[in-house]
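Here is the structure we will look at, set down as C-alpha cells.
Chain letters run A, B, ... following the sequence lines, proteins first, then strands; residues in each count from 1.
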There are 2 protein chains.
Amino acid sequence: MDTAFRALAEPRRREILKLVWTEELPAAQIAARFDDVTRSAVSQHIGVLKAAELIVERRDGTRRLYRANHTQMDRLRQFLDEYWTGSLQRLQHLAESAEREKGTTDG
Amino acid sequence: MDTAFRALAEPRRREILKLVWTEELPAAQIAARFDDVTRSAVSQHIGVLKAAELIVERRDGTRRLYRANHTQMDRLRQFLDEYWTGSLQRLQHLAESAEREKGTTDG
DNA sequence: CCATTTAGTTAGTTGACACTTACGTTAGTT
DNA sequence: AACTAACGTAAGTGTCAACTAACTAAATGG
C-alpha cells in the first residue's frame with residue numbers, strides 16, 4: 001500500500017502508468033517519450049511501478065512489454081473509500097457500546 | 001497532487017488522518033495515540049498533511065484543532081478515476097482523428 | 001562465435017525525508 | 001511580570017530515493 005502511494009507520488013511514474021494504461025509498450029518506447037531523462041532512470045521507475053504491482057510485465061523474446069494493472073489501481077480507490085466506510089463503522093461501534101452501557105448500568 | 005500522494009505514502013500520516021476523520025482533535029491528543037514517536041515528529045507530520053490540504057486547522061486560544069479535509073480526499077479519488085475516463089477520451093480522440101484522416105485523404 | 005538490439009544492474013552523487021533534541025511563541029493564570 | 005500549557009520551528013543526523021554513467025545479460029542474425 002505504502003509502495004503504491006509512493007510510486008504514484010512521482011509525476012514521471014504517473015505519466016509512465018498512463019502510457020501503458022490502454023496499450024502494451026516496451027521499455028524503449030516508454031523511454032522515448034521522455035527527452036530529459038535516461039533509459040536507466042525509466043527502467044528504474046518501471047521497477048518501482050512493478051514492485052508496487054501497478055504494472056505487469058510480459059516477455060516476448062528480447063523485448064519486455066508492460067501494461068497497467070487496473071486491479072491494483074482499483075484497490076487504491078477502494079482504500080480511499082474505506083476512510084468513509086471505516087469511520088462509519090467506528091461510529092456504529094460507538095453507538096452499540098453506548099447501547100450496551102445503558103444496559104449494564106441499568107441491570 | 002504529488003504532495004497529497006506523498007503524504008498518504010506514510011503509514012503514520014494515514015493513521016493521523018483517520019484519527020481526525022470524524023472528530024476534531026488537538027495536536028497533543030493526536031500525539032498521545034503514538035507511544036513510539038515524539039510530539040515534535042507528529043507536529044511535523046501534521047505540517048505535511050496541512051501542506052497537502054488533507055487536513056485543516058482551527059485555532060482556539062492556545063489550542064489548534066485539526067480535522068480531515070474530505071474534499072481533498074475526494075479529489076484524489078477523482079484523480080484515480082481519470083485514469084479510466086482520461087484514457088477513454090484519448091481513444092475517442094484517436095477515433096475522431098481517424099475519421100478526419102479518412103475525410104482529408106478522400107477529398 | 002561475434003556483433004547488435006533490448007533491457008536490467010551497479011556505483012556513486014545529490015537531495016529529500018523522518019526523526020530527536022533544544023528553543024521560540026502565543027494564550028491563559030497567578 | 002513571571003509561570004505554565006500547548007504548539008510550532010530550527011538544527012543536526014541517519015536513511016532512502018532519483019538520477020547519470022558504465023557495465024552486464026539474454027535473444028537474434030550472420
Requested in this report: Give a yes/no answer on whether the side chain of H45(A) brings an N or O atom under 4.0 Å of OP1 or OP2 in dA17(D).
Outcome: no

Query - D2(A)/R13(B) salt bridge by N-O under 4.0 Å criterion - result: no

Query - Contact state string [nucleotides 21-30 of chain D, B base, S sugar-phosphate only, - no protein heavy atom under 4.0 Å] - result: B-----SS--

Report task. Look at the rings of H70(B) and W84(A) and say which category their plane angle falls in: under 30° parallel, 30 to 60° tilted, over 60° perpendicular. Result -> perpendicular

Query raised in the report: Quick one: do E23(B) and R67(B) make a salt bridge, cutoff under 4.0 Å?
Result: no

Query raised in the report: Does E53(A) offer a backbone N or O that forms a donor-acceptor pair with the side chain of N69(A) under 3.5 Å?
Result: yes

**Report entry** Those residues that, when tested against E24(A), pass side-chain hydrogen bond (donor to acceptor under 3.5 Å, both in side chains) (two or more places apart)
**Finding:** R58(A)

Query - ring pair (Phe, Tyr, Trp, His ring centres under 6.0 Å) partners of F79(A), counting only residues at least two apart - result: F5(A), Y83(A)

**Report entry** Sugar-phosphate, base or nothing in reach of A41(A), heavy atoms under 4.0 Å
**Finding:** base

Query raised in the report: Any side-chain N or O of R12(A) under 4.0 Å from OP1/OP2 of dC19(D)?
Result: yes

Query - R63(B) side chain near dA5(D) phosphate (N/O to OP1/OP2, under 4.0 Å) - result: no

Requested in this report: Using a 4.0 Å heavy-atom cut-off across all strands, classify A27(A) as base, sugar-phosphate, or nothing.
Outcome: sugar-phosphate

Query raised in the report: Could you state the CZ-P distance from R6(A) to dT15(D), rounded to the nearest angstrom?
Result: 16 Å

